[in-house]
Q: 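Before we start, here is the structure in question, set down as structure tokens.
Heavy atoms only: backbone and side chains are in, while hydrogens, waters and symmetry mates are out. Every chain is numbered from 1 and lettered A, B, ... according to where its sequence line falls, protein lines coming before strand lines. Not measured: the values here are computed from a predicted model.
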2 protein chains.
Amino acid sequence: MMQKPRIKDVAARAGVGVSTVSVVLNNVEGARVSPETRERILSAARALGYTSNPIARSLRTRRTQTIGFVGDDIATTPFAGRMIQGAQDAAWQAGYLLFLVNTGGEHALERHAVRALLDRRVDGVIYATMYHRHVEIPEMLGDVSTVVLDACPTNGSVPYVVPDERGGAAAAVGELLRAGHRRIGFATESLEVPAASGRLAGYHETLAAARIPADPELVVAEHGDTTGGYRAATRLFDLGERPTAIFCYNDRMAMGCYRAAAERGLRIPYDLSVVGYDDQDLIAPELSPALTTVALPHYEMGTWAVRRLLELIRDDPEQSAQGHLMPCPLVRRDSVGPPPR
Amino acid sequence: MMQKPRIKDVAARAGVGVSTVSVVLNNVEGARVSPETRERILSAARALGYTSNPIARSLRTRRTQTIGFVGDDIATTPFAGRMIQGAQDAAWQAGYLLFLVNTGGEHALERHAVRALLDRRVDGVIYATMYHRHVEIPEMLGDVSTVVLDACPTNGSVPYVVPDERGGAAAAVGELLRAGHRRIGFATESLEVPAASGRLAGYHETLAAARIPADPELVVAEHGDTTGGYRAATRLFDLGERPTAIFCYNDRMAMGCYRAAAERGLRIPYDLSVVGYDDQDLIAPELSPALTTVALPHYEMGTWAVRRLLELIRDDPEQSAQGHLMPCPLVRRDSVGPPPR
DNA sequence: CTGAAAGCGCTAACAC
DNA sequence: GTGTTAGCGCTTTCAG
């Protein structure tokens with residue numbers, strides 16, 4: 001392995017000064033270089049297999065073409081990977097590389113991580129959480145362009161992107177409405193998280209828009225897992241007049257709902273329609289019948305975040321904060337049918 | 001936000017030369033600095049909030065304290081996150097940061113990615129695939145310390161780590177043997193992948209060690225998904241003398257196996273024992289009864305890979321290649337019982 | 001239009 | 001023991 005060529009080598013080979021090489025290779029705007037000199041330089045560079053050393057460049061320009069991605073937990077959720085990939089792809093496309101650091105949600109580690117990233121002179125950072133919630137971002141981030149991914153910052157004023165839970169819920173309920181349902185239950189998550197309140201709001205709004213009076217009985221809260229879904233569905237089934245369709249807070253609850261329905265001999269989608277949320281790989285398509293659900297736009301949020309970040313980096317640093325709602329598309333499968341007569 | 005202090009500022013404040021500061025801050029070995037000078041420097045640095053600029057340092061030392069992680073697909077499998085996290089954690093612990101790049105398996109992109117990482121002067125790279133297989137690593141990687149993660153390199157001679165499929169299968173079958181089973185089916189994956197052959201070998205060896213004659217009928221190959229598992233189980237049930245236990249190539253197949261068993265009225269673990277492989281979050285613990293299975297050591301492989309890489313980086317660059325088999329632990333749950341009488 | 005030279009912030013010889 | 005200095009490879013004035 002021979003030594004990497006330096007700019008000086010290219011200059012020597014082309015018989016010009018290093019600055020001219022620099023100008024040519026960087027396509028500097030207002031620089032006039034004779035076409036033939038330019039060509040000579042270009043071919044010299046090519047012949048040598050020259051690529052500039054980003055480290056040296058960074059030292060001079062104070063920009064590293066890197067961005068830091070700090071996340072609280074990249075491992076446990078399958079969603080995390082998609083966000084990271086979205087971010088990575090967008091960064092790569094723009095010629096940036098991503099530093100990934102995982103904090104496990106520990107505050108101390110997080111501070112350390114941000115510090116390490118700033119030391120490394122990243123041009124910006126993506127601060128991500130692995131599910132939609134409120135977060136306080138480290139104040140050190142005030143020193144660098146930042147965008148928050150899948151969370152609402154409670155301090156500072158930085159752009160952020162979260163799923164449009166409300167719109168997703170509206171799409172889900174709308175689908176049920178279109179199928180003819182009028183009595184639609186909502187099996188919600190009992191935790192107070194933005195996703196839950198957003199989805200509940202979407203549920204209510206959509207029903208109201210269809211002039212269907214709200215029936216508090218139809219909204220039941222349980223844990224957001226299979227068991228919770230089972231419980232919620234059971235409670236709904238035990239109502240005087242049971243709903244003909246259930247919108248579940250997530251696919252795991254929908255799974256529990258399926259089980260409860262099976263036990264009662266309720267066939268989906270004939271006797272009961274159900275729609276979930278999250279579009280989880282190993283659940284939604286695998287259930288039988290396959291579950292109609294709403295997908296979380298993790299990949300898209302990841303790309304949005306770094307695109308926005310790059311804008312911040314390149315344009316004036318003082319932009320007004322803004323939250324972006326990323327649409328959650330409905331994924332139609334086989335768990336919705338007309339209500340039984 | 002005021003300008004970051006430079007080493008010169010620290011030197012000035014402490015009333016010493018920059019080299020002394022450098023020596024003190026880097027804890028250089030054979031350097032004798034008077035304790036009081038050292039203390040003065042340290043407190044000056046603290047007072048200024050000085051942290052050295054890694055970019056400048058790298059330019060000089062030719063080491064960047066970064067490692068590149070190229071993976072073919074970080075998003076679609078939940079396992080990927082664990083490997084990345086393992087790698088990230090180990091790197092972080094050692095003071096290294098991880099550049100993450102995703103190639104989507106595209107060869108051209110991969111070359112680009114490696115090139116970009118080398119340009120950035122990473123100290124080493126982890127070349128990872130998202131499931132155990134054979135790969136040809138880009139030859140450019142010959143120029144830098146490399147370790148291969150979750151794959152066997154077919155060219156070059158670099159360290160690599162893969163799951164001990166054979167040992168995992170042996171553990172699974174051993175568990176069944178201990179429960180008293182003698183007629184154990186293996187629902188395998190029909191694709192020729194290292195995981196499949198490794199697990200098959202483990203199955204055979206363990207049976208042989210227990211002096212149980214091999215019965216070719218008991219090994220059935222199907223697609224490695226739910227449907228495949230269903231088919232395989234069905235074929236096994238239709239045998240003259242049906243097995244009392246089934247070892248499935250993976251949890252998805254085990255899921256299909258559960259369904260097939262349910263349809264026949266076979267209760268797990270009373271009429272049939274089953275063990276899976278992979279320990280997938282949304283499957284193994286959620287099935288009822290919860291599935292006894294074998295876990296894939298992704299996190300551990302990730303940490304192993306970067307630890308090994310760091311050895312390569314710090315020690316003599318020419319080490320003999322070697323593959324490491326990471327043990328796959330058995331995860332006991334409720335799907336194994338004694339054979340029916 | 002092109003080249004010389006001054007740093008970017010740091011480390012490591014090498015003087016003192 | 002401690003300070004001076006020469007680069008690391010590149011960009012960017014500023015002369016020519």
Side-chain angles (χ1 to χ4, degrees), chain A residues 2-42 44-45 48-66 95 116 118-123, chain B residues 2-42 44-45 48-66 95 116 118-123:
Chain A
M2 70 183 176
Q3 196 55 46
K4 280 216 167 208
R6 296 156 305 149
I7 194 174
K8 193 200 287 181
D9 301 322
V10 178
R13 192 177 224 266
V16 300
V18 302
S19 58
T20 313
V21 176
S22 175
V23 161
V24 168
L25 261 30
N26 292 316
N27 273 315
V28 175
E29 280 304 308
R32 283 90 36 109
V33 177
S34 75
E36 65 178 48
T37 309
R38 167 183 305 275
E39 192 41 56
R40 218 153 13 104
I41 290 173
L42 257 19
L48 260 29
Y50 173 79
T51 56
S52 83
N53 180 332
I55 310 273
R57 185 213 301 285
S58 297
L59 186 56
R60 198 64 241 253
T61 62
R62 278 127 188 305
R63 311 172 98 273
T64 53
Q65 304 276 107
T66 60
L118 293 185
D119 277 352
R120 291 291 216 299
R121 302 298 194 278
V122 293
D123 293 336
Chain B
M2 67 182 178
Q3 196 55 48
K4 280 217 167 207
R6 296 156 304 148
I7 195 172
K8 194 201 286 182
D9 302 322
V10 177
R13 191 176 223 266
V16 299
V18 300
S19 60
T20 312
V21 175
S22 175
V23 161
V24 168
L25 261 30
N26 293 315
N27 272 315
V28 176
E29 281 302 309
R32 282 93 32 114
V33 177
S34 75
E36 65 179 47
T37 309
R38 167 182 305 274
E39 192 42 56
R40 218 155 10 107
I41 291 174
L42 257 19
L48 261 29
Y50 172 79
T51 55
S52 82
N53 180 332
I55 310 272
R57 186 215 300 285
S58 296
L59 186 56
R60 198 62 240 255
T61 62
R62 281 130 184 304
R63 309 169 101 275
T64 53
Q65 303 277 106
T66 61
L118 293 185
D119 277 352
R120 292 288 215 303
R121 301 300 194 277
V122 293
D123 293 335

Q: Would you kindly say whether A:R57 and A:S52 are connected by a side-chain donor-acceptor distance under 3.5 Å?
A: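 Yes - a donor-acceptor pair under 3.5 Å links their side chains.
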Q: Identify which nucleotide among C:dT2, C:dT11, C:dA5 has an atom closest to any side-chain atom of A:V33, counting heavy atoms from C-beta outward.
A: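 Closest nucleotide to the A:V33 side chain: C:dT2.
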Q: Please check this pair: side chain of A:N26 against backbone of A:S22, looking for a donor-acceptor N/O pair closer than 3.5 Å.
A: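 Indeed, once roles are kept as given, a pair shorter than 3.5 Å links the two residues.
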Q: Counting the atoms with a prime plus P, OP1 and OP2 as sugar-phosphate, which does B:S58 contact under 4.0 Å by heavy atoms, base, sugar-phosphate, or nothing?
A: nothing
Q: Specify the separation, in whole Å, of atom CD of A:E36 and atom P of C:dC1.
A: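 Nearest whole value for this atom pair: 11 Å.
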Q: Counting distance only, does the side-chain N/O of A:T20 pair as donor-acceptor with the main-chain N or O of A:V16 below 3.5 Å?
A: no
Q: Can a side chain N or O of A:N53 be found less than 4.0 Å away from OP1 or OP2 on D:dC8?
A: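 False: A:N53 side-chain N/O out of range (4.0 Å or more) of D:dC8 OP1/OP2.
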Q: Is the shortest side-chain N to carboxylate O distance from A:D9 to A:K4 below 4.0 Å?
A: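 Not counted as a salt bridge, because no side-chain N and carboxylate O are separated by less than 4.0 Å.
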Q: Between atom CD1 in A:I7 and atom C1' in D:dT12, what is the gap in whole Å?
A: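 Distance, rounded to whole Å: 11 Å.
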Q: With DNA chain D as reference, determine whether B:V16 or A:P54 sits nearer its 5' end, using the nearest nucleotide of each.
A: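 The answer here is B:V16.
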Q: How long is the line joining CG of A:L59 and C1' of C:dC10, in whole Å?
A: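 Atom CG in A:L59 sits about 8 Å away from atom C1' in C:dC10.
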Q: Side chain of B:R57 only, heavy atoms from C-beta on: which candidate in D:dG9, D:dT4, C:dC10 is closest?
A: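 Output: C:dC10.
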Q: Check the phosphate of D:dT2 against B:S34, side-chain N and O only, distance under 4.0 Å to OP1 or OP2. Yes or no?
A: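 Yes, because at least one side-chain N or O of B:S34 sits under 4.0 Å from OP1 or OP2 of D:dT2.
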Q: Roughly, in whole Å, what's the span from CZ in B:R60 to P in D:dT5?
A: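 Rounding to the nearest Å, CZ of B:R60 and P of D:dT5 are 16 Å apart.
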Q: What about B:S19, does its side chain sit under 3.5 Å from the base of D:dG3 through a donor-acceptor pair?
A: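 Such a pair is found, so the answer is yes.
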Q: Starting at CZ of A:R63 and ending at P of D:dG9, how long is that distance when rounded to a whole Å?
A: 23 Å
Q: For the side chain of B:D123 and the backbone of B:Q65, is there at least one donor-acceptor N/O pair under 3.5 Å apart?
A: yes
Q: Heavy atoms from C-beta onward define the side chain here; which of D:dG9, C:dG3, C:dT2 lies closest to that of A:T37?
A: C:dT2
Q: Check this one for me: any side-chain N or O of B:T20 less than 4.0 Å away from OP1 or OP2 of D:dG3?
A: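 Checking D:dG3 against B:T20, a side-chain N or O does come within under 4.0 Å of OP1 or OP2.
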Q: Using heavy atoms to find the nearest nucleotide of DNA chain D for B:R62 and B:G17 separately, return the residue whose nucleotide is more 5′.
A: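 This one resolves to B:G17.
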Q: Between atom CZ in A:R38 and atom P in C:dG3, what is the gap in whole Å?
A: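 Taking atom P of C:dG3 as the reference, CZ of A:R38 is at 14 Å.
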Q: NZ of A:K8 versus C1' of C:dA6: gap in Å, rounded?
A: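 Interatomic distance, NZ of A:K8 to C1' of C:dA6: 15 Å.
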Q: Applying a 4.0 Å non-hydrogen cut-off, can you work out what A:S22 is touching in the nucleic acid: base, sugar-phosphate, or nothing?
A: base
